[in-house]
There are 6 protein chains.
Amino acid sequence: MNSSFFDRRTPTLDTCQPGVRHIQELIRHSTPVRLQLISGTELEGTLRWQDLQYLALCSGQDLPLTLINRDAIALIRALV
Amino acid sequence: MNSSFFDRRTPTLDTCQPGVRHIQELIRHSTPVRLQLISGTELEGTLRWQDLQYLALCSGQDLPLTLINRDAIALIRALV
Amino acid sequence: MNSSFFDRRTPTLDTCQPGVRHIQELIRHSTPVRLQLISGTELEGTLRWQDLQYLALCSGQDLPLTLINRDAIALIRALV
Amino acid sequence: MNSSFFDRRTPTLDTCQPGVRHIQELIRHSTPVRLQLISGTELEGTLRWQDLQYLALCSGQDLPLTLINRDAIALIRALV
Amino acid sequence: MNSSFFDRRTPTLDTCQPGVRHIQELIRHSTPVRLQLISGTELEGTLRWQDLQYLALCSGQDLPLTLINRDAIALIRALV
Amino acid sequence: MNSSFFDRRTPTLDTCQPGVRHIQELIRHSTPVRLQLISGTELEGTLRWQDLQYLALCSGQDLPLTLINRDAIALIRALV
(Lines give C-alpha, C1' and ligand atoms only; values in the text may rest on other atoms or scores of the structure.)
Protein backbone atom coordinates (compact mmCIF):
# COMPACT_ATOMS: atom_id res chain seq x y z
CA MET A 1 0.00 0.00 0.00
CA ASN A 2 0.60 2.90 -0.36
CA SER A 3 -0.93 5.95 -1.90
CA SER A 4 -3.45 6.02 0.82
CA PHE A 5 -2.79 9.50 2.04
CA PHE A 6 -2.81 11.06 -1.31
CA ASP A 7 -6.06 9.31 -1.88
CA ARG A 8 -7.51 10.79 1.24
CA ARG A 9 -7.96 13.99 -0.66
CA THR A 10 -10.76 12.10 -2.41
CA PRO A 11 -13.04 11.64 0.57
CA THR A 12 -15.31 8.94 -0.82
CA LEU A 13 -14.80 5.58 -2.42
CA ASP A 14 -15.78 5.31 -6.05
CA THR A 15 -18.80 3.09 -5.70
CA CYS A 16 -18.93 2.69 -9.47
CA GLN A 17 -16.03 0.29 -9.17
CA PRO A 18 -17.33 -3.30 -9.11
CA GLY A 19 -14.83 -4.24 -6.42
CA VAL A 20 -15.96 -1.47 -4.08
CA ARG A 21 -19.60 -2.40 -4.71
CA HIS A 22 -18.84 -6.10 -4.12
CA ILE A 23 -17.26 -5.31 -0.75
CA GLN A 24 -20.15 -2.97 0.08
CA GLU A 25 -22.58 -5.84 -0.48
CA LEU A 26 -20.54 -8.09 1.82
CA ILE A 27 -20.79 -5.37 4.47
CA ARG A 28 -24.50 -4.76 3.96
CA HIS A 29 -25.42 -8.44 4.28
CA SER A 30 -22.91 -9.21 7.07
CA THR A 31 -21.66 -12.03 4.88
CA PRO A 32 -18.99 -14.13 6.59
CA VAL A 33 -15.76 -13.67 4.65
CA ARG A 34 -12.25 -15.05 4.56
CA LEU A 35 -9.36 -12.76 3.70
CA GLN A 36 -5.88 -13.82 2.78
CA LEU A 37 -3.10 -11.32 3.31
CA ILE A 38 -0.04 -11.05 1.06
CA SER A 39 1.89 -12.65 3.93
CA GLY A 40 -0.33 -15.72 3.69
CA THR A 41 -2.15 -14.96 6.96
CA GLU A 42 -5.87 -15.79 6.78
CA LEU A 43 -8.63 -14.02 8.68
CA GLU A 44 -12.33 -14.70 9.01
CA GLY A 45 -15.20 -12.55 10.16
CA THR A 46 -17.67 -10.04 8.84
CA LEU A 47 -16.73 -6.73 7.29
CA ARG A 48 -18.17 -3.61 8.96
CA TRP A 49 -16.90 -0.77 6.82
CA GLN A 50 -14.37 0.13 4.18
CA ASP A 51 -12.52 3.34 3.60
CA LEU A 52 -9.73 4.35 1.30
CA GLN A 53 -7.04 2.57 3.27
CA TYR A 54 -8.66 0.01 5.54
CA LEU A 55 -11.30 -2.65 5.82
CA ALA A 56 -12.73 -3.13 9.32
CA LEU A 57 -13.25 -6.77 10.23
CA CYS A 58 -15.32 -8.10 13.11
CA SER A 59 -14.06 -11.52 14.14
CA GLY A 60 -16.53 -12.12 16.91
CA GLN A 61 -19.13 -10.51 19.11
CA ASP A 62 -17.64 -8.22 21.74
CA LEU A 63 -14.27 -8.28 20.01
CA PRO A 64 -12.78 -4.96 18.91
CA LEU A 65 -12.59 -4.34 15.17
CA THR A 66 -9.44 -5.23 13.29
CA LEU A 67 -8.25 -2.63 10.78
CA ILE A 68 -6.83 -4.35 7.72
CA ASN A 69 -4.57 -2.38 5.39
CA ARG A 70 -6.16 -2.79 1.94
CA ASP A 71 -2.73 -2.97 0.32
CA ALA A 72 -1.87 -5.96 2.51
CA ILE A 73 -4.89 -7.94 1.28
CA ALA A 74 -4.41 -10.51 -1.47
CA LEU A 75 -7.82 -12.22 -1.55
CA ILE A 76 -11.36 -11.56 -0.34
CA ARG A 77 -14.01 -14.26 -0.62
CA ALA A 78 -17.39 -14.93 0.92
CA LEU A 79 -17.60 -18.13 2.93
CA VAL A 80 -20.16 -20.58 1.61
CA MET B 1 -0.43 -1.87 -4.30
CA ASN B 2 -1.53 0.62 -3.96
CA SER B 3 -2.67 3.68 -5.79
CA SER B 4 -5.99 2.09 -6.25
CA PHE B 5 -8.06 4.79 -4.67
CA PHE B 6 -6.46 7.58 -6.48
CA ASP B 7 -7.04 5.63 -9.62
CA ARG B 8 -10.69 5.37 -8.87
CA ARG B 9 -11.05 8.90 -10.06
CA THR B 10 -10.53 7.40 -13.50
CA PRO B 11 -13.62 5.25 -13.65
CA THR B 12 -12.66 3.02 -16.56
CA LEU B 13 -9.71 0.86 -17.40
CA ASP B 14 -7.58 1.97 -20.30
CA THR B 15 -8.44 -0.73 -22.77
CA CYS B 16 -5.69 0.49 -25.06
CA GLN B 17 -3.21 -1.19 -22.77
CA PRO B 18 -2.32 -4.65 -24.12
CA GLY B 19 -2.42 -6.13 -20.63
CA VAL B 20 -5.95 -4.89 -19.97
CA ARG B 21 -7.06 -6.16 -23.38
CA HIS B 22 -5.38 -9.53 -22.78
CA ILE B 23 -7.25 -9.96 -19.49
CA GLN B 24 -10.46 -8.82 -21.14
CA GLU B 25 -10.09 -11.59 -23.72
CA LEU B 26 -9.55 -14.15 -20.95
CA ILE B 27 -12.79 -12.92 -19.39
CA ARG B 28 -14.75 -12.90 -22.65
CA HIS B 29 -13.78 -16.47 -23.55
CA SER B 30 -14.04 -17.85 -19.99
CA THR B 31 -10.51 -19.15 -20.47
CA PRO B 32 -9.29 -21.21 -17.52
CA VAL B 33 -6.38 -19.34 -15.94
CA ARG B 34 -3.78 -19.84 -13.27
CA LEU B 35 -2.66 -16.88 -11.19
CA GLN B 36 0.38 -16.74 -8.98
CA LEU B 37 0.36 -14.22 -6.17
CA ILE B 38 3.49 -12.43 -4.94
CA SER B 39 3.26 -14.68 -1.88
CA GLY B 40 3.63 -17.72 -4.11
CA THR B 41 0.00 -18.81 -3.66
CA GLU B 42 -1.53 -20.19 -6.88
CA LEU B 43 -5.18 -19.97 -7.88
CA GLU B 44 -7.11 -21.44 -10.77
CA GLY B 45 -10.46 -20.58 -12.24
CA THR B 46 -12.04 -18.28 -14.78
CA LEU B 47 -11.96 -14.51 -14.59
CA ARG B 48 -15.34 -12.76 -14.52
CA TRP B 49 -14.44 -9.09 -14.45
CA GLN B 50 -11.61 -6.68 -13.81
CA ASP B 51 -11.68 -3.22 -12.34
CA LEU B 52 -8.99 -0.80 -11.29
CA GLN B 53 -8.11 -2.67 -8.12
CA TYR B 54 -9.41 -6.23 -8.39
CA LEU B 55 -9.84 -9.23 -10.63
CA ALA B 56 -12.84 -11.41 -9.84
CA LEU B 57 -12.12 -15.12 -10.09
CA CYS B 58 -14.66 -17.91 -10.25
CA SER B 59 -13.12 -21.12 -8.94
CA GLY B 60 -16.14 -23.33 -9.44
CA GLN B 61 -19.84 -23.34 -10.15
CA ASP B 62 -21.94 -22.12 -7.22
CA LEU B 63 -18.86 -20.78 -5.46
CA PRO B 64 -18.79 -17.08 -4.58
CA LEU B 65 -16.34 -14.93 -6.50
CA THR B 66 -12.89 -14.29 -5.09
CA LEU B 67 -11.66 -10.69 -5.31
CA ILE B 68 -7.95 -10.63 -6.05
CA ASN B 69 -5.99 -7.47 -5.37
CA ARG B 70 -4.23 -6.68 -8.67
CA ASP B 71 -1.15 -5.50 -6.80
CA ALA B 72 -0.84 -8.90 -5.13
CA ILE B 73 -0.73 -10.71 -8.49
CA ALA B 74 2.65 -11.72 -9.90
CA LEU B 75 1.63 -13.87 -12.89
CA ILE B 76 -1.46 -14.50 -15.02
CA ARG B 77 -1.48 -17.28 -17.60
CA ALA B 78 -4.07 -19.19 -19.52
CA LEU B 79 -4.13 -22.93 -18.86
CA VAL B 80 -3.47 -25.02 -21.95
CA MET C 1 4.55 2.25 1.31
CA ASN C 2 5.13 4.31 -0.66
CA SER C 3 3.60 7.56 -1.75
CA SER C 4 4.48 9.03 1.54
CA PHE C 5 6.53 11.89 0.25
CA PHE C 6 4.07 12.97 -2.28
CA ASP C 7 1.55 12.89 0.47
CA ARG C 8 3.60 15.15 2.61
CA ARG C 9 2.42 18.00 0.48
CA THR C 10 -0.91 17.41 2.24
CA PRO C 11 0.16 18.33 5.73
CA THR C 12 -2.73 16.83 7.65
CA LEU C 13 -4.40 13.48 7.77
CA ASP C 14 -7.95 13.33 6.49
CA THR C 15 -9.74 12.79 9.75
CA CYS C 16 -12.96 12.15 7.86
CA GLN C 17 -11.61 8.72 7.00
CA PRO C 18 -12.96 6.16 9.47
CA GLY C 19 -9.59 4.43 9.65
CA VAL C 20 -7.76 7.62 10.61
CA ARG C 21 -10.44 8.38 13.20
CA HIS C 22 -10.28 4.84 14.57
CA ILE C 23 -6.51 5.12 15.05
CA GLN C 24 -6.95 8.58 16.56
CA GLU C 25 -9.29 7.10 19.16
CA LEU C 26 -6.75 4.37 19.99
CA ILE C 27 -4.19 7.15 20.54
CA ARG C 28 -6.50 9.34 22.61
CA HIS C 29 -7.46 6.53 24.98
CA SER C 30 -3.97 4.96 25.15
CA THR C 31 -5.64 1.69 24.19
CA PRO C 32 -3.20 -1.23 24.18
CA VAL C 33 -2.93 -2.48 20.60
CA ARG C 34 -1.37 -5.31 18.68
CA LEU C 35 -0.04 -4.67 15.18
CA GLN C 36 0.89 -7.29 12.66
CA LEU C 37 3.34 -6.28 9.95
CA ILE C 38 3.21 -7.66 6.40
CA SER C 39 6.30 -9.69 7.35
CA GLY C 40 4.29 -11.42 10.06
CA THR C 41 6.11 -9.62 12.91
CA GLU C 42 3.78 -8.68 15.77
CA LEU C 43 4.17 -5.67 18.04
CA GLU C 44 2.29 -4.55 21.13
CA GLY C 45 2.09 -1.24 22.90
CA THR C 46 0.15 1.99 22.81
CA LEU C 47 0.05 4.36 19.88
CA ARG C 48 1.23 7.92 20.54
CA TRP C 49 0.75 9.68 17.23
CA GLN C 50 0.14 9.05 13.54
CA ASP C 51 1.31 11.00 10.57
CA LEU C 52 1.15 10.42 6.86
CA GLN C 53 3.88 7.80 6.84
CA TYR C 54 4.35 6.48 10.36
CA LEU C 55 2.61 5.35 13.52
CA ALA C 56 4.60 5.90 16.71
CA LEU C 57 4.34 2.99 19.14
CA CYS C 58 5.29 3.03 22.79
CA SER C 59 6.16 -0.49 23.93
CA GLY C 60 6.96 0.35 27.53
CA GLN C 61 7.65 3.15 29.95
CA ASP C 62 11.07 4.74 29.43
CA LEU C 63 11.46 3.00 26.08
CA PRO C 64 12.03 5.18 23.01
CA LEU C 65 9.20 5.29 20.48
CA THR C 66 9.20 2.90 17.55
CA LEU C 67 8.32 4.43 14.18
CA ILE C 68 6.27 1.98 12.15
CA ASN C 69 5.97 2.48 8.41
CA ARG C 70 2.21 2.52 7.73
CA ASP C 71 2.72 0.65 4.47
CA ALA C 72 4.40 -2.19 6.37
CA ILE C 73 1.35 -2.68 8.62
CA ALA C 74 -1.13 -5.41 7.79
CA LEU C 75 -3.39 -5.38 10.87
CA ILE C 76 -4.20 -3.07 13.77
CA ARG C 77 -6.39 -4.27 16.62
CA ALA C 78 -7.11 -3.19 20.16
CA LEU C 79 -6.22 -5.74 22.80
CA VAL C 80 -9.19 -6.87 24.88
CA MET D 1 3.30 -2.12 -8.20
CA ASN D 2 0.86 -0.15 -7.94
CA SER D 3 0.15 3.08 -9.64
CA SER D 4 -0.62 1.22 -12.76
CA PHE D 5 -4.09 2.51 -13.29
CA PHE D 6 -3.27 6.07 -12.77
CA ASP D 7 -0.48 5.59 -15.21
CA ARG D 8 -2.83 4.26 -17.79
CA ARG D 9 -3.82 7.82 -18.45
CA THR D 10 -0.40 8.08 -20.08
CA PRO D 11 -0.98 5.65 -22.91
CA THR D 12 2.60 5.08 -23.97
CA LEU D 13 5.77 4.08 -22.24
CA ASP D 14 8.47 6.71 -22.04
CA THR D 15 10.97 5.19 -24.41
CA CYS D 16 13.53 7.80 -23.36
CA GLN D 17 14.04 5.80 -20.18
CA PRO D 18 17.05 3.49 -20.57
CA GLY D 19 15.22 0.68 -18.80
CA VAL D 20 12.25 0.81 -21.17
CA ARG D 21 14.63 0.91 -24.15
CA HIS D 22 16.65 -1.99 -22.74
CA ILE D 23 13.53 -4.13 -22.44
CA GLN D 24 12.41 -3.04 -25.90
CA GLU D 25 15.70 -4.33 -27.32
CA LEU D 26 15.22 -7.66 -25.54
CA ILE D 27 11.79 -7.87 -27.19
CA ARG D 28 13.00 -6.84 -30.65
CA HIS D 29 15.80 -9.43 -30.71
CA SER D 30 13.79 -12.21 -29.01
CA THR D 31 16.64 -12.47 -26.53
CA PRO D 32 16.17 -15.30 -24.05
CA VAL D 33 15.79 -13.76 -20.60
CA ARG D 34 15.56 -14.83 -17.00
CA LEU D 35 13.35 -12.88 -14.61
CA GLN D 36 13.39 -13.10 -10.86
CA LEU D 37 10.25 -12.07 -9.04
CA ILE D 38 10.27 -10.40 -5.62
CA SER D 39 9.01 -13.74 -4.26
CA GLY D 40 12.19 -15.41 -5.53
CA THR D 41 10.38 -17.26 -8.34
CA GLU D 42 12.44 -17.42 -11.55
CA LEU D 43 11.06 -17.51 -15.08
CA GLU D 44 12.71 -17.96 -18.45
CA GLY D 45 11.54 -17.22 -21.95
CA THR D 46 11.42 -14.41 -24.45
CA LEU D 47 9.59 -11.15 -23.92
CA ARG D 48 6.91 -10.29 -26.47
CA TRP D 49 5.67 -6.91 -25.37
CA GLN D 50 5.65 -4.49 -22.46
CA ASP D 51 3.00 -2.08 -21.34
CA LEU D 52 2.61 0.13 -18.32
CA GLN D 53 1.72 -2.69 -15.97
CA TYR D 54 2.83 -5.98 -17.52
CA LEU D 55 5.55 -7.76 -19.43
CA ALA D 56 4.34 -10.61 -21.64
CA LEU D 57 6.62 -13.63 -21.53
CA CYS D 58 6.63 -16.53 -23.96
CA SER D 59 8.02 -19.63 -22.26
CA GLY D 60 7.73 -21.96 -25.23
CA GLN D 61 6.21 -22.38 -28.64
CA ASP D 62 2.46 -22.98 -28.56
CA LEU D 63 2.29 -21.94 -24.92
CA PRO D 64 0.01 -19.03 -24.02
CA LEU D 65 1.72 -15.82 -22.92
CA THR D 66 2.31 -15.18 -19.23
CA LEU D 67 1.49 -11.69 -18.03
CA ILE D 68 4.00 -10.57 -15.42
CA ASN D 69 3.15 -7.69 -13.13
CA ARG D 70 6.07 -5.24 -13.51
CA ASP D 71 5.90 -4.38 -9.82
CA ALA D 72 6.45 -8.05 -8.93
CA ILE D 73 9.69 -8.20 -10.91
CA ALA D 74 13.00 -7.83 -9.06
CA LEU D 75 15.51 -8.66 -11.80
CA ILE D 76 15.62 -8.92 -15.60
CA ARG D 77 18.70 -10.28 -17.32
CA ALA D 78 19.52 -11.66 -20.74
CA LEU D 79 20.71 -15.25 -20.77
CA VAL D 80 24.20 -15.68 -22.19
CA MET E 1 8.30 2.08 -1.84
CA ASN E 2 7.54 3.39 -4.67
CA SER E 3 6.46 6.84 -5.59
CA SER E 4 9.93 8.05 -5.01
CA PHE E 5 10.53 9.53 -8.39
CA PHE E 6 7.33 11.38 -8.55
CA ASP E 7 8.20 12.72 -5.17
CA ARG E 8 11.51 13.99 -6.36
CA ARG E 9 9.68 16.84 -7.93
CA THR E 10 9.24 18.02 -4.35
CA PRO E 11 12.87 18.61 -3.50
CA THR E 12 12.59 18.80 0.27
CA LEU E 13 11.12 16.65 2.96
CA ASP E 14 8.12 18.04 4.80
CA THR E 15 9.70 18.67 8.17
CA CYS E 16 6.29 19.41 9.62
CA GLN E 17 5.63 15.67 9.63
CA PRO E 18 6.42 14.24 13.07
CA GLY E 19 8.06 11.19 11.53
CA VAL E 20 10.45 13.27 9.44
CA ARG E 21 11.26 15.41 12.49
CA HIS E 22 11.78 12.30 14.64
CA ILE E 23 14.28 10.89 12.15
CA GLN E 24 15.96 14.29 11.86
CA GLU E 25 16.52 14.27 15.63
CA LEU E 26 18.03 10.79 15.45
CA ILE E 27 20.42 12.13 12.79
CA ARG E 28 21.29 15.32 14.68
CA HIS E 29 22.15 13.47 17.89
CA SER E 30 23.87 10.52 16.19
CA THR E 31 21.55 8.28 18.18
CA PRO E 32 22.28 4.59 17.70
CA VAL E 33 19.26 3.03 15.99
CA ARG E 34 17.99 -0.36 14.97
CA LEU E 35 15.98 -0.72 11.77
CA GLN E 36 13.90 -3.69 10.78
CA LEU E 37 13.22 -4.16 7.09
CA ILE E 38 10.00 -5.66 5.72
CA SER E 39 12.05 -8.77 4.94
CA GLY E 40 12.84 -9.13 8.65
CA THR E 41 16.49 -8.10 8.23
CA GLU E 42 17.75 -5.94 11.11
CA LEU E 43 20.41 -3.25 10.86
CA GLU E 44 22.13 -1.12 13.48
CA GLY E 45 24.11 2.06 13.23
CA THR E 46 23.62 5.80 13.19
CA LEU E 47 21.63 7.67 10.58
CA ARG E 48 23.50 10.35 8.63
CA TRP E 49 20.88 11.83 6.35
CA GLN E 50 17.42 11.21 4.93
CA ASP E 51 16.00 12.14 1.58
CA LEU E 52 12.78 11.35 -0.16
CA GLN E 53 13.73 7.80 -0.99
CA TYR E 54 16.60 6.73 1.24
CA LEU E 55 18.01 6.80 4.73
CA ALA E 56 21.81 6.69 4.93
CA LEU E 57 23.08 4.44 7.72
CA CYS E 58 26.59 4.37 9.10
CA SER E 59 27.32 0.96 10.63
CA GLY E 60 30.85 1.68 11.75
CA GLN E 61 33.74 4.08 11.45
CA ASP E 62 35.49 3.89 8.09
CA LEU E 63 32.62 1.86 6.63
CA PRO E 64 30.84 3.25 3.57
CA LEU E 65 27.26 4.40 4.07
CA THR E 66 24.40 2.01 3.40
CA LEU E 67 21.48 3.46 1.48
CA ILE E 68 18.22 2.04 2.79
CA ASN E 69 15.11 2.26 0.65
CA ARG E 70 12.52 3.95 2.92
CA ASP E 71 9.77 1.77 1.48
CA ALA E 72 11.68 -1.35 2.58
CA ILE E 73 11.77 -0.19 6.21
CA ALA E 74 9.21 -1.56 8.64
CA LEU E 75 10.50 -0.22 11.98
CA ILE E 76 12.89 2.46 13.23
CA ARG E 77 13.78 2.66 16.92
CA ALA E 78 16.50 4.27 18.99
CA LEU E 79 18.63 1.84 20.94
CA VAL E 80 18.49 2.35 24.68
CA MET F 1 7.74 -0.02 -6.81
CA ASN F 2 5.50 1.20 -8.34
CA SER F 3 4.74 4.63 -9.56
CA SER F 4 7.31 4.20 -12.19
CA PHE F 5 5.15 4.91 -15.16
CA PHE F 6 3.63 7.98 -13.78
CA ASP F 7 7.12 9.10 -12.99
CA ARG F 8 8.23 8.58 -16.52
CA ARG F 9 6.53 11.81 -17.34
CA THR F 10 9.45 13.38 -15.49
CA PRO F 11 12.23 12.31 -17.81
CA THR F 12 15.19 12.97 -15.55
CA LEU F 13 16.18 11.97 -12.07
CA ASP F 14 16.31 14.73 -9.50
CA THR F 15 20.04 14.88 -8.96
CA CYS F 16 19.52 17.23 -6.03
CA GLN F 17 18.46 14.22 -3.98
CA PRO F 18 21.44 12.92 -1.96
CA GLY F 19 20.46 9.32 -2.72
CA VAL F 20 20.46 9.88 -6.47
CA ARG F 21 23.80 11.69 -6.23
CA HIS F 22 25.25 8.92 -4.05
CA ILE F 23 24.29 6.29 -6.62
CA GLN F 24 25.61 8.50 -9.41
CA GLU F 25 29.01 8.60 -7.65
CA LEU F 26 29.00 4.80 -7.35
CA ILE F 27 28.39 4.66 -11.11
CA ARG F 28 31.02 7.26 -11.99
CA HIS F 29 33.76 5.54 -9.98
CA SER F 30 32.72 1.98 -10.92
CA THR F 31 32.65 1.25 -7.21
CA PRO F 32 31.94 -2.41 -6.44
CA VAL F 33 28.61 -2.58 -4.64
CA ARG F 34 26.43 -5.10 -2.88
CA LEU F 35 22.67 -4.79 -3.14
CA GLN F 36 20.15 -6.58 -0.98
CA LEU F 37 16.67 -7.04 -2.41
CA ILE F 38 13.52 -7.02 -0.29
CA SER F 39 13.40 -10.79 -0.85
CA GLY F 40 16.79 -11.11 0.85
CA THR F 41 18.63 -11.90 -2.40
CA GLU F 42 22.08 -10.29 -2.57
CA LEU F 43 23.84 -9.15 -5.71
CA GLU F 44 27.32 -7.80 -6.32
CA GLY F 45 28.82 -5.89 -9.20
CA THR F 46 29.23 -2.37 -10.46
CA LEU F 47 26.38 -0.06 -11.34
CA ARG F 48 26.32 1.28 -14.90
CA TRP F 49 23.32 3.56 -14.97
CA GLN F 50 20.16 4.47 -13.09
CA ASP F 51 16.83 5.61 -14.40
CA LEU F 52 13.50 6.23 -12.78
CA GLN F 53 12.65 2.56 -12.43
CA TYR F 54 15.84 0.51 -12.72
CA LEU F 55 19.47 0.27 -11.75
CA ALA F 56 21.68 -1.54 -14.27
CA LEU F 57 24.21 -3.84 -12.64
CA CYS F 58 27.24 -5.37 -14.29
CA SER F 59 28.22 -8.56 -12.49
CA GLY F 60 31.21 -9.43 -14.64
CA GLN F 61 33.00 -8.63 -17.87
CA ASP F 62 31.16 -9.92 -20.94
CA LEU F 63 28.03 -10.57 -18.89
CA PRO F 64 24.83 -8.82 -19.96
CA LEU F 65 23.51 -6.13 -17.63
CA THR F 66 20.95 -7.01 -14.99
CA LEU F 67 18.05 -4.58 -14.64
CA ILE F 68 17.07 -4.23 -11.00
CA ASN F 69 13.69 -2.81 -10.11
CA ARG F 70 14.44 0.08 -7.72
CA ASP F 71 11.35 -0.75 -5.67
CA ALA F 72 12.69 -4.26 -5.07
CA ILE F 73 15.94 -2.94 -3.56
CA ALA F 74 16.27 -2.76 0.22
CA LEU F 75 19.95 -1.85 0.63
CA ILE F 76 22.81 -0.45 -1.47
CA ARG F 77 26.32 -0.33 -0.06
CA ALA F 78 29.80 0.05 -1.48
CA LEU F 79 32.09 -2.89 -0.86
CA VAL F 80 35.20 -2.01 1.13
Side-chain angles (χ1 to χ4, degrees), chain A residues 1-15 17 19-21 23-24 26-28 30 33-77, chain C residues 1-47 49-57 67-80:
Chain A
M1 105 206 256
N2 287 331
S3 296
S4 53
F5 300 107
F6 182 86
D7 299 317
R8 274 162 189 161
R9 284 183 264 178
T10 48
T12 54
L13 286 171
D14 179 353
T15 52
Q17 291 291 320
V20 171
R21 284 209 311 268
I23 293 169
Q24 211 55 42
L26 295 172
I27 293 168
R28 194 181 336 249
S30 298
V33 295
R34 178 178 297 150
L35 295 102
Q36 187 181 109
L37 305 184
I38 53 175
S39 61
T41 299
E42 296 211 331
L43 301 161
E44 289 186 18
T46 53
L47 296 171
R48 291 299 175 82
W49 49 258
Q50 61 177 326
D51 74 3
L52 294 167
Q53 182 62 4
Y54 299 102
L55 301 187
L57 183 80
C58 177
S59 298
Q61 221 180 342
D62 304 324
L63 287 179
L65 293 180
T66 299
L67 295 196
I68 309 174
N69 183 347
R70 292 180 83 114
D71 296 329
I73 297 171
L75 306 175
I76 304 170
R77 41 191 158 187
Chain C
M1 119 223 289
N2 288 327
S3 297
S4 52
F5 299 108
F6 181 87
D7 299 317
R8 275 162 188 162
R9 283 183 265 177
T10 48
T12 54
L13 286 171
D14 179 354
T15 53
C16 296
Q17 290 291 320
V20 172
R21 285 208 311 268
H22 188 94
I23 293 169
Q24 211 55 41
E25 286 303 300
L26 296 172
I27 294 168
R28 194 181 337 247
H29 298 293
S30 298
T31 308
V33 295
R34 178 177 296 150
L35 294 102
Q36 187 181 110
L37 305 184
I38 53 175
S39 61
T41 298
E42 296 211 330
L43 300 160
E44 290 186 17
T46 53
L47 296 170
W49 48 259
Q50 61 177 325
D51 74 3
L52 294 167
Q53 183 61 6
Y54 299 103
L55 302 186
L57 183 81
L67 295 196
I68 308 174
N69 183 347
R70 292 180 82 114
D71 295 329
I73 298 172
L75 306 175
I76 303 170
R77 41 190 159 187
L79 289 171
V80 277

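Here is the naming used below: chain letters follow the sequence lines, and residue numbers restart at 1 for every chain.
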Honestly, the part of A/L43 sitting under 4.5 Å from a heavy atom of chain C is side chain

Given A/L47, A/T66, A/L65, the one that forms side-chain contact (heavy atoms from CB on, under 4.5 Å) with A/C58: A/L65

Could you list the donor-acceptor pairs under 3.5 angstrom formed by side chains in residues 30-38 of chain C, with sequence neighbours left out?
| residue | atom | partner | partner atom | Å |
| --- | --- | --- | --- | --- |
| C/R34 | NE | C/E44 | OE2 | 2.9 |
| C/R34 | NH2 | C/E44 | OE2 | 2.8 |
| C/Q36 | OE1 | A/T41 | OG1 | 3.3 |
| C/Q36 | NE2 | C/E42 | OE2 | 3.0 |

Please check if the number of heavy atoms outside A/R48 that lie under 6.0 Å from its CZ is greater than 12. no

If I take atom CG from residue C/L13 and atom CG from residue C/L52, how far apart are they, to the nearest 0.5 angstrom? 5.0 Å

Per-residue contacts, residues 22-29 of chain C versus chain A, heavy atoms under 4.5 Å: C/H22, C/I23

Roughly how far apart are C/R70 CZ and C/I76 CD1, rounded to 0.5 Å? 7.0 Å

Quick one: list whatever passes side chain to side chain contact (heavy atoms under 4.5 Å, CB included) with A/T15, sequence neighbours left out. A/V20

